[in-house]
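Okay, so here's the structure we're looking at.
Below, all heavy atoms of this structure are taken into account, side chains as well, without hydrogens, waters or symmetry copies. Remember, it's 1-based here, ligands and their atoms both numbered in the order they're listed.
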Amino acid sequence: MVVAAVLGAAGGIGQPLSLLVKQNPAIKELRLFDVVPVVKGVAADVSHVDTPAVTTGYVKDEDGLKHALKGADIVIIPAGVPRKPGMTRDDLFNINAGIVRDLAQGIAENCPKAFVLIISNPVNSTVPIAAEVFKAAGTFDPKRLFGVTTLDVVRASTMSAQAIGKPNDAAQYTIPVVGGHSGVTILPLLSQSKPALPESLFSDSVKLKALVNRIQFGGDEVVQAKAGGGSATLSMAYAGYKFAEQLIAAAFEGKKGVVAPSYVYVADNKDVQKEIGQDLAFFSVPVELGPNGAEKLHPLGQLSSYEKELLQACLGELPGSITKGVNFIQQPK
Ligand code: NAI
């Protein structure tokens, strides 16, 4: 059975995510960590749910990180500050970069073999930060580090179903979303939807562009509607758990053929580099999950000419975000 830890568990994402993780019968221990003491109350609350996971809460100032992480199999990180109206995910870098660095250090020391799922934004930079910390500690395993981009995948299904007038059918459409997790770096491959989206969508370029834009900037709809109260939390908890559930099934329960897009280390993968036409260290691709984590990276496949344009826009921004994360560790100011 699995030991899971949620870091930042008292937050807007952390609380509902912890509740969802508690429902997974494969989990025997659920450890909730945060810098604010209310996390102990969150843990007490969640612990009353009648599922197997024994749930405990830990705060930073009581050596809590160590206790929360010791021997954990899977660590999910929604710690950090969220966006307010007018902010991009990059604006969060200054605060969240240090948070992710310190949490990654804790993982390297206490559970170096854990699967690490990073939700904290900007994901395009925080995943490279964690990788650099793990490399310096000698614990980096590229198969075990994931940037969670599942909310983009979930939004692609929901918004595409709405755009074609089938708002109740969101779950039927599986659409790969690749690239990164921020604005134009988010690259929804609508042409590869299964089942296929109607031809009328692709022949109406105004409608198609509006849909792509809505998927790329869907987070802004929530930020604006919450009007200063934060960014997506409930849909993110749903998406974060969806990915965690897929990983748990593939890694610990022997489920085969589980493929989900995630922002992973691709520097060693010549096929991916060739497809994107650049040497990039991180990119979100459909990942086949298994006992070791990211067992196999699937190709992006055939892109439409419009999607090729979107890829170029993604490549205009993503390398800088990766470098920013790498430099934060390699050249600290
Ligand atoms: P929130 O402010 O409600 O919660 C964040 C929690 O992290 C708080 O409880 C806070 O005390 C805690 N925290 C801060 N520093 C910490 C540390 N050093 N160790 C442990 N916990 C710490 O924020 P919310 O809405 O839950 O968002 C969290 C993060 O998730 C943000 O960076 C946000 O941008 C990101 N996010 C990512 C998405 C994605 O698709 N990957 C989607 C939506 C949000």
Side-chain angles (χ1 to χ4, degrees), residues 5-20 31-43 57-69 75-85 87-107 116-127 129-130 146-156 177 179-183 185-186 215-223 226 228-244 260-263 284 321:
V6 177
L7 312 182
I13 296 168
Q15 291 202 30
L17 176 63
S18 300
L19 177 62
L20 292 168
R31 304 183 189 151
L32 308 185
F33 172 80
D34 205 293
V35 289
V36 292
V38 74
V39 73
K40 292 207 170 176
V42 174
Y58 303 87
V59 252
K60 192 177 181 184
D61 55 12
E62 295 170 358
D63 226 358
L65 187 60
K66 186 172 135 196
H67 295 299
L69 290 175
V75 182
I76 315 175
I77 311 183
V81 290
R83 287 190 294 157
K84 296 217 158 58
M87 289 172 89
T88 65
R89 291 181 183 84
D90 240 14
D91 294 331
L92 303 173
F93 185 91
N94 292 339
I95 301 171
N96 291 353
I99 293 175
V100 170
R101 174 197 59 208
D102 296 349
L103 296 175
Q105 188 61 42
I107 291 167
V116 180
L117 280 55
I118 298 193
I119 293 172
S120 315
N121 270 317
V123 165
N124 291 352
S125 305
T126 52
V127 174
I129 287 173
F146 303 91
V148 180
T149 58
T150 319
L151 185 51
D152 305 323
V153 179
V154 166
R155 283 186 181 136
V177 182
H181 171 68
S182 184
T185 70
I186 297 170
I215 296 166
Q216 290 180 324
F217 295 91
D220 294 356
E221 289 180 15
V222 183
V223 171
K226 289 194 176 178
S231 58
T233 54
L234 301 172
S235 52
M236 181 61 238
Y238 168 84
Y241 178 64
K242 190 171 185 169
F243 185 74
S262 178
Y263 184 68
S284 178
S321 302

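By the 4.5 Å heavy-atom criterion applied to side chains, Arg31 and Tyr58 are counted as neighbours.
Ligand-side atoms of ligand 1 in range of Phe33: 19 (N), 20 (C), range being under 4.0 angstrom from any heavy atom. Less than 4.0 angstrom separates some heavy atom of Ala232 from each of these atoms of ligand 1: 43 (C), 44 (C). Against a heavy-atom cut-off of under 4.0 Å, Ser231 is close to the following atoms of ligand 1: 44 (C). Listed by atom number, the atoms of ligand 1 under 4.0 Å from Gly12 heavy atoms are 1 (P), 3 (O), 4 (O), 26 (O). Listed by number with element, the atoms of ligand 1 under 4.0 angstrom from any heavy atom of Val123 are 41 (N). Applying the 4.0 Å criterion to heavy atoms of Leu92 picks out, from ligand 1, the atoms 34 (O). Remark: ligand 1 atoms within the under-4.0 Å shell around heavy atoms of Asn96 are 32 (O).
Protein heavy atom at the shortest distance from atom 4 (O) of ligand 1 is Gly11 CA, 3.2 Å. The protein non-hydrogen atom at the shortest distance from atom 29 (C) of ligand 1 is Pro78 O, 3.6 Å. Residue, atom and distance of the protein heavy atom nearest to atom 22 (C) of ligand 1 are Ala79 CB, 3.6 Å. With respect to atom 17 (C) of ligand 1, the closest heavy atom belonging to the protein is Val35 CG1, 3.5 Å. Scanning the protein for heavy atoms near atom 31 (C) of ligand 1, the closest one is Val81 O, 3.2 Å. Protein heavy atom nearest atom 38 (C) of ligand 1, with residue, atom name and distance: Met236 SD, 3.4 Å. Of the protein's non-hydrogen atoms, Pro82 CD, 3.4 Å is the one closest to atom 2 (O) of ligand 1.
For atom 25 (O) of ligand 1, the candidate residues are Ile95, Thr233, Asp34, Leu17; the nearest heavy-atom contact is made by Thr233. Distances from atom 39 (C) of ligand 1 to the heavy atoms of Gln15, Arg89, His181 show the closest one on His181. Taking all heavy atoms of Ile119, Val222, Ile13 into account, the minimum distance to atom 41 (N) of ligand 1 is reached by Ile119. Comparing Asn121, Thr126, Thr150, Leu151 against atom 34 (O) of ligand 1, the shortest heavy-atom distance belongs to Asn121.
No N or O atom of Ile99 sits closer than 3.5 Å to an N or O atom of ligand 1. Ligand 1 has a nitrogen or oxygen under 3.5 angstrom from a nitrogen or oxygen of Gly80.
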Item to check | From CA spacing to verdict: side-chain contact (heavy atoms from CB on, under 4.5 Å), Leu234, Ile13 | outcome: CA-CA 6 Å; Leu234 301 172; Ile13 296 168; over 6 Å; no
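Side-chain contact of Asn121 with Thr126: a donor-acceptor pair under 3.5 Å is absent, judged by distance alone.
Remark: Arg83 engages Asp220 in a salt bridge, criterion side-chain N to carboxylate O under 4.0 Å.
At a heavy-atom distance under 4.0 Å, no atom of Val39 approaches ligand 1.
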